Amino acid sequence: MLHTVQETLEDQRTARVEERRRRTYIRFLEAVHGATDEPGNPARLGDLQLAIVEVTLDGPDYVTRTAFRIQECLHEWLEDGSRLEVLHDAQADFVVATRRALGIPTRPASPHQVDGIG
């Protein structure tokens with residue numbers, strides 16, 4: 001009986017971690033969307049920075065790397081509006097990475113593979 005209780009508690013903990021990560025990833029994508037809707041708005045860029053910190057805390061590392069890549073691509077796009085496709089590719093890579101972290105089967109959403117995934 002003790003073993004069953006421990007398994008149940010572990011399953012509940014895993015479900016809470018996955019749900020927290022899912023919310024973190026969604027907040028990050030919302031922050032990216034806000035930053036692209038209002039380019040150069042310091043508040044939106046601040047929201048993005050906070051969201052990256054949350055992704056970094058929740059991980060895993062390969063998801064964090066894709067979040068930082070989105071930030072890089074966003075800055076490139078702000079400097080050169082023709083870089084929008086690269087930003088979209090980075091966002092697609094983030095979705096692939098987050099689905100992997102959440103255990104959701106997927107195939108790449110873009111022709112580019114995420115580093116360490118594939």
Side-chain angles (χ1 to χ4, degrees):
M1 173 136 169
L2 179 60
H3 180 68
T4 303
V5 170
Q6 288 173 331
E7 283 182 352
T8 300
L9 292 174
E10 182 61 27
D11 290 345
Q12 290 172 347
R13 188 192 75 73
T14 299
R16 283 192 308 273
V17 167
E18 287 177 359
E19 183 56 31
R20 185 186 70 234
R21 280 183 171 173
R22 183 184 311 269
R23 286 191 310 268
T24 297
Y25 302 154
I26 289 169
R27 277 194 303 273
F28 175 75
L29 289 173
E30 288 171 342
V32 170
H33 183 72
T36 58
D37 276 354
E38 297 180 42
N41 179 331
R44 294 298 191 157
L45 295 175
D47 292 344
L48 179 62
Q49 197 60 39
L50 178 60
I52 286 176
V53 169
E54 291 176 345
V55 169
T56 301
L57 291 173
D58 275 342
D61 289 344
Y62 58 87
V63 173
T64 300
R65 283 193 302 271
T66 62
F68 278 105
R69 179 67 183 135
I70 289 175
Q71 183 183 37
E72 291 170 13
C73 291
L74 177 63
H75 288 294
E76 290 174 13
W77 172 71
L78 290 172
E79 293 175 9
D80 177 2
S82 69
R83 305 283 297 164
L84 186 59
E85 185 176 333
V86 174
L87 177 58
H88 287 166
D89 287 347
Q91 289 174 306
D93 290 344
F94 180 80
V95 169
V96 170
T98 60
R99 290 177 64 94
R100 177 179 174 214
L102 296 170
I104 301 169
T106 189
R107 55 190 179 120
S110 77
H112 308 287
Q113 289 287 324
V114 177
D115 290 338
I117 300 176

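In this text the structure is predicted, and so the values were computed from the model without any measurement.
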Practice task
Would you please say whether a donor-acceptor pair under 3.5 Å links the side chains of D93 and T66?
Solution key: no
Exercise for the section: Taking R44 for its side chain and D37 for its backbone only, find out whether a donor-acceptor pair lies under 3.5 Å. Expected result: no
Handout entry: Straight-line distance of L74 CG to L78 CG, nearest 0.5 Å
Key = 4.5 Å
Handout entry: Nearest-0.5 Å distance, CZ of residue R83 to CG of residue L87
Key = 10.0 Å
Exercise for the section: Using the rule that two of Ile, Leu, Val, Met, Phe, Trp, Tyr join whenever any of their side-chain heavy atoms come within less than 4.5 Å, decide whether L29 and L84 are in one cluster. Expected result: yes
Handout entry: Approximate separation, where rounding is to 0.5 Å, of L50 CG and R27 CZ
Key = 8.5 Å
Handout entry: Heavy-atom side-chain contact between F68 and V55 under 4.5 Å
Key = no
Fill in the blank from the handout: For T98 and V95, the nearest pair of non-hydrogen atoms, with its separation, is OG1-O, 2.9 Å
Exercise for the section: Inspect the surroundings of NE2 in H75 and state if more than 12 heavy atoms from other residues, nucleotides or ligands are less than 6.0 Å away. Expected result: yes
Practice task
State whether E76 and R69 are salt-bridged, where the test is any N-O pair (Lys NZ or Arg NE/NH1/NH2 against Asp/Glu carboxylate O) under 4.0 Å.
Solution key: yes
Practice task
Would you please test I52 and F28 for side chain to side chain contact (heavy atoms under 4.5 Å, CB included) and show each step?
Solution key: CA-CA 7 Å; I52 286 176; F28 175 75; 3.3 Å; yes
Handout entry: From CZ (R20) to CG (L57), nearest 0.5 Å
Key = 9.0 Å
Fill in the blank from the handout: So CD1 of I70 and CZ of R65: to nearest 0.5 Å the spacing works out to 13.5 Å
Handout entry: Gap between atom OG1 of T64 and atom CZ of F94 - 0.5 Å precision
Key = 8.5 Å
Exercise for the section: Check whether any side-chain heavy atom of P60 sits under 4.5 Å from a side-chain heavy atom of R21, and report yes or no. Expected result: yes
Problem - NZ or CZ of R100 within 45° of Y62 ring axis and under 6.0 Å - result: yes
Practice task
Using the side chain to side chain contact (heavy atoms under 4.5 Å, CB included) rule, take W77 and T36 through it: C-alpha gap first, then chi angles, then the decisive distance, then the call.
Solution key: CA-CA 9 Å; W77 172 71; T36 58; 4.0 Å; yes
Fill in the blank from the handout: Taking every heavy atom of V32 against every heavy atom of Q91, the minimum-distance pair comes out as CG1-NE2, 3.0 Å
Practice task
Considering only NZ, NE, NH1 and NH2 on the basic side and carboxylate oxygens on the acidic side, decide whether R16 and E19 come within less than 4.0 Å.
Solution key: no
Exercise for the section: Show the numbers, then the answer: is there a side chain to side chain contact (heavy atoms under 4.5 Å, CB included) between R22 and I104? Expected result: CA-CA 11 Å; R22 183 184 311 269; I104 301 169; 3.9 Å; yes
